[in-house]
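Here the structure comes first, spelled out in structure tokens, and everything after it is commentary.
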2 protein chains.
Amino acid sequence: MQPTPASDLQNRLDRFETYLKKSDMKITRQRMQVAEHIFCSSNHFTVESLADELKHKYRPGISRATIYRIVSLMVEAGMLTEHNFGQNSRRYEFIPGQKHHDHIICLDCGRIDEFVDSEIEKLQPKIAKKHGFTLEDHSLNLYGRCVELARKNRCPHHDAAVQTPGAQMV
Amino acid sequence: MQPTPASDLQNRLDRFETYLKKSDMKITRQRMQVAEHIFCSSNHFTVESLADELKHKYRPGISRATIYRIVSLMVEAGMLTEHNFGQNSRRYEFIPGQKHHDHIICLDCGRIDEFVDSEIEKLQPKIAKKHGFTLEDHSLNLYGRCVELARKNRCPHHDAAVQTPGAQMV
DNA sequence: ATGGGTGCAAAACCTTTGCATGTAG
DNA sequence: CTACATGCAAAGGTTTTGCACCCAT
């Protein structure tokens with residue numbers, strides 16, 4: 001994952017500020033720091049991981065309660081999606097444009113890869129319709145094992161990874 | 001959902017007993033009552049709902065701790081799958097044979113429908129392979145709104161349903 | 001009789017909330 | 001200034017655990 005170009009970052013921050021103003025919400029140090037961190041760092045983070053990273057990155061850090069509130073706000077704003085990967089806590093993901101994708105999760109180390117399959121995408125609204133639903137959203141998660149894991153009975157990324165979010169290896 | 005034929009029930013209970021014996025586990029009143037209830041009643045239940053239903057069905061009921069333990073055991077045994085539908089608590093589902101299916105969840109009332117799409121099923125292992133994974137499992141959840149809901153801005157099943165598990169309407 | 005299973009209550013988690021304080025507008 | 005945002009600590013909800021007691025084997 002390449003570093004976020006400065007211009008993209010600025011765009012995103014602007015987009016967020018605009019949203020806040022439009023919604024009569026205040027532009028606070030906490031909101032901007034959380035947003036900036038999310039815009040720059042890797043995906044599939046938890047509130048826990050955000051709190052930790054922000055504590056190291058900035059002086060006083062930001063309380064969990066506030067992070068929970070800001071993350072919810074950003075979900076409302078359509079800038080984050082929420083995931084349930086069957087792990088203990090919720091994961092969030094920044095939506096840069098609208099480019100949707102699904103996930104493959106390693107059952108051993110928790111590593112998360114992304115993919116899009118246009119055929120599957122096309123089939124889903126049809127299925128929903130057939131059942132009398134209008135499709136609003138979906139989540140497709142594949143659970144598997146790395147090839148190395150299958151061979152050695154242990155994923156090479158284990159320990160190192162165990163989804164320390166930020167460890168987005170490709 | 002038709003009532004479970006008695007013969008099926010017996011088969012399932014036998015299957016469970018066999019598993020317990022094979023694993024050097026004891027056949028207890030609690031384990032058999034939980035299993036029987038699961039085999040007979042509807043799907044997508046929570047530990048909470050199981051506890052409630054068992055309290056009404058049997059005399060002393062069964063403690064939550066024990067139910068959690070039995071449910072985990074049955075997941076291990078491959079007789080249940082665990083789901084995260086983005087709701088607060090985990091849902092479980094009995095696997096009668098191996099007939100897999102995916103889910104459509106109503107965003108308003110939480111009603112859960114099932115479907116299988118063979119095309120999607122076929123595509124998934126290919127995708128996993130392309131990413132260097134061996135597919136072990138997957139979950140595909142479609143989130144939408146009933147047609148009635150779209151019209152009236154309210155799902156006809158609301159209140160009545162709100163996923164009181166057991167309310168498996170088709 | 002004995003080792004595993006159960007029930008209870010407590011602990012461990014994750015997430016939300018009430019309230020006093022701080023601060024953007 | 002004033003209303004909204006934050007931080008803290010407490011509460012809420014789900015799941016797990018320690019331990020004494022119970023009961024299949």
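Lettering of chains follows the sequences in order, A, B, ..., and the numbering in each one begins at 1.
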Who are the salt bridge (charged side-chain N to carboxylate O under 4.0 Å, His left out) partners of A:E82, not counting sequence neighbours?
A:R90
Quick one: B:E48 CD to D:dG12 C1', roughly how many Å, whole number?
13 Å
With respect to the phosphate group of D:dA5, does any side-chain polar atom (N or O) of A:R31 fall under 4.0 Å of OP1 or OP2?
yes
Who are the side chain to side chain donor-acceptor pair (under 3.5 Å) partners of A:E119, not counting sequence neighbours?
none
Output the rounded distance in Å from CD1 (B:I62) to C1' (D:dT15).
18 Å
Which residues pass the side chain to side chain contact (heavy atoms under 4.5 Å, CB included) test with B:E93, not counting sequence neighbours?
B:N43, B:H44, B:T81, B:H83, B:H101, B:H103, B:E114
At how many degrees, to 10°, do the end axes of the helix from C:dA1-D:dT25 to C:dG25-D:dC1 meet when each uses five pairs?
30°
Residues two or more places apart in sequence or in another chain: which of them pass side chain to side chain donor-acceptor pair (under 3.5 Å) with B:K57?
B:H37
Pair listing, side-chain hydrogen bond (donor to acceptor under 3.5 Å, both in side chains) test, anchored in residues 62-75 of chain B, at least two apart
B:E48-B:R64, B:S63-B:T66
Partners meeting salt bridge (charged side-chain N to carboxylate O under 4.0 Å, His left out) with A:K26 (sequence neighbours left out)
none
Residues forming a side chain to side chain contact (heavy atoms under 4.5 Å, CB included) with A:E121, sequence neighbours excluded
A:H100, A:D102, A:V116, A:Q124, A:H138
Nearest-Å distance for atom pair CG/C1', residues A:N88 and D:dT15
11 Å
Report the C-alpha separation of B:R31 and B:L73 in whole Å, then their side-chain angles, then the decisive distance to 0.1 Å, and conclude whether the side chain to side chain contact (heavy atoms under 4.5 Å, CB included) test is met.
CA-CA 10 Å; B:R31 283 173 179 168; B:L73 184 168; 3.6 Å; yes
Whole angstroms only, please: what is the CZ-C1' distance between A:R90 and D:dT14?
12 Å
With a cut-off of less than 4.0 Å, is there a side-chain N or O of A:T66 near OP1 or OP2 of D:dT6?
no
Please name all residues satisfying salt bridge (charged side-chain N to carboxylate O under 4.0 Å, His left out) with B:E76, sequence neighbours left out, ordered by chain then number.
none
A:K21: partners by side chain to side chain contact (heavy atoms under 4.5 Å, CB included), with sequence neighbours left out:
A:E17, A:I27
Go through DNA chain C in 5' to 3' direction and return only the first and the last nucleotide with some atom under 4.0 Å of chain A's heavy atoms.
C:dC14 to C:dG25
Taking all non-hydrogen atoms of both residues into account, name the closest pair between B:A128 and A:I104 and its distance.
CA-CD1, 3.9 Å
What is the distance, to the nearest angstrom, from the CD atom on A:Q30 to the C1' atom on D:dC8?
14 Å
Walk along nucleotides 18-25 of chain D from 5' to 3' and tag each nucleotide B, S or - by protein heavy-atom contact under 4.0 Å, base first, then sugar-phosphate.
B-----BS
